[in-house]
**Student:** 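Before we start, here is the structure in question, set down as structure tokens.
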There are 2 protein chains.
Amino acid sequence: MKRTSFEQAECPIARSLDSIGDWWSLLIIRDAFLGRRRFGEFQKSLGLAKNILTVRLRALVDDGILKNAPASDGSAYQEYVLTPKGRGIFPILVALRQWSEEFSPEPCFATLLVDREQGRPVRKLELRAEDGRLLDGIDTMLQPNPPAKRRRRA
Amino acid sequence: MKRTSFEQAECPIARSLDSIGDWWSLLIIRDAFLGRRRFGEFQKSLGLAKNILTVRLRALVDDGILKNAPASDGSAYQEYVLTPKGRGIFPILVALRQWSEEFSPEPCFATLLVDREQGRPVRKLELRAEDGRLLDGIDTMLQPNPPAKRRRRA
DNA sequence: GGACGCGGTTTCATAATGCAACTACACAAC
DNA sequence: GTTGTGTAGTTGCATTATGAAACCGCGTCC
């Protein structure tokens, strides 16, 4: 079967999906943002099989998204915490959340993403041009970036 | 095996993943944003097996992300085009792209997302508070939204 | 009307998933 | 020190999804 890998793909989206594009990885990361750190916490919260969790955690560590921290509370067990690369996934989670809230047939508002300072819901993610104009999907395009330019960064 | 479904999940992120959380769906949607509409176009571009593409396209149509358009050029074949819900996925794609560009070990800049008017690269996605302050992951928190409040929207 | 391209469906081998049972270790109680 | 409990996995097996290739009906082209 040989599940196709996008590790070498040219498209950055495909590359992202190679790291976090399977069923559980993003949910593990979401839980990590919620403060979960221990194997058992993930397992109980997500309800996935332990062998799968083992494989996923190892893959996320290998990808530099999580790292093993030696301890934290007294006990000599280890924990999984987000690296900077892992914390960089936050906008992706927000985008997924907002899409679901906007378009799901029966949206669920069990939780709300609020800003910590004021406790009010955040705005929608904004895509802006270099000069600050607010952009929509149709206002953008993909420009091929020729290899020459890429290397010499001219 | 019975692949677990998140259709009924409370978490909006899990719900999103239920629709677009598998290997190919997001890439199909990406291609749709690039203007591809025909079965054969997707198949050639993605290089996935035709049976898988059939299943994925049907699922995306069932989810209201794509819809079958009767024609477009002369020929009596049908096409797959993005619905409004499908176009709403754009920020997710941008987030994935930017994450890869920022954190990939050897980022690939084969293509650049530019704004159509000026041809310059877009900014990073911005998350803002209600009052316009720029927010980071740590500036936010998930607030449980009690069902009572949910219904009366008080 | 015959060849070809399009849009699939069918078939089959194989890899990923899910479940449950099992192991190894740390820590605590007795 | 040994029994017990919880954590963090590993192993084995049944089930499902995936991928490759062959096949097929239909519309087009010439």
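Chain letters run A, B, ... following the sequence lines, proteins first and then strands; every chain starts at 1. Since this is a predicted model, take the numbers as computed values, not measurements.
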**Student:** Which one, dG8(C), dT11(D), dA8(D), comes nearest to the side chain of F39(B)?
**Tutor:** dG8(C)
**Student:** Atom CZ of residue position R120(A) - does it have more than 12 heavy atoms of other residues, nucleotides or ligands inside 6.0 Å?
**Tutor:** no
**Student:** Take atom CG of N51(A) and atom C1' of dC22(C), then tell me their distance rounded to the nearest Å.
**Tutor:** 13 Å
**Student:** Let me know the distance between CG of L48(A) and P of dA20(C), rounded to the nearest Å.
**Tutor:** 14 Å
**Student:** Considering just the side-chain nitrogens and oxygens of W24(A), establish if one lies under 4.0 Å of OP1 or OP2 belonging to dG18(C).
**Tutor:** yes
**Student:** Once you round it to whole Å, what is the distance between C1' of dG9(D) and CD of Q78(A)?
**Tutor:** 11 Å
**Student:** When all nucleic acid strands are considered with a 4.0 Å heavy-atom cut-off, which category describes F42(A): base, sugar-phosphate, or nothing?
**Tutor:** nothing
**Student:** Please pick, from dT11(C), dT18(D), dA8(D), the nucleotide with the shortest atom-to-atom distance to any side-chain atom of R38(A).
**Tutor:** dA8(D)
**Student:** Output the single nucleotide from dG19(D), dT9(C), dT17(C) whose closest atom is nearest the side chain of R56(A).
**Tutor:** dT17(C)
**Student:** Strictly below 4.0 Å: does Y80(A) bring a side-chain N or O up to OP1 or OP2 of dG9(D)?
**Tutor:** yes
**Student:** K50(B) side chain: which of dG9(D), dT11(C), dA22(D) is closest?
**Tutor:** dA22(D)
**Student:** According to the interplanar angle, ranging from 0 to 90°, do the rings of F42(B) and Y80(B) count as parallel (below 30°), tilted (30 to 60°) or perpendicular (above 60°)?
**Tutor:** perpendicular
**Student:** Between K44(B) and V55(B), which is nearer to the 5' end of DNA chain C once each is assigned its nearest nucleotide?
**Tutor:** K44(B)
**Student:** Side chains of T140(B) and D115(A): donor-acceptor distance under 3.5 Å anywhere?
**Tutor:** no
**Student:** Could you check how far CZ of R36(B) sits from P of dC6(C), rounded to whole Å?
**Tutor:** 15 Å
**Student:** Without hydrogens or angle criteria, can the side chains of E79(A) and N68(A) be said to hold a donor-acceptor pair below 3.5 Å?
**Tutor:** no
**Student:** Please report, rounded to the nearest Å, how far the P atom of dG6(D) is from the OH atom of Y77(A).
**Tutor:** 11 Å
**Student:** Looking only at side chains, do S25(A) and D22(A) share a donor and an acceptor under 3.5 Å apart?
**Tutor:** yes
**Student:** With the side chain of R58(A) defined as its heavy atoms from C-beta on, choose the nearest nucleotide among dC6(C), dT10(D), dG8(C).
**Tutor:** dT10(D)
**Student:** Between P on dG19(D) and CG on L53(B), what's the gap in Å once rounded to a whole number?
**Tutor:** 11 Å
**Student:** Rounded off to whole Å, could you give me the CD1-to-C1' distance for the I52(B) and dT16(D) pair?
**Tutor:** 12 Å
**Student:** Take atom CD of Q43(B) and atom P of dG5(C), then tell me their distance rounded to the nearest Å.
**Tutor:** 14 Å
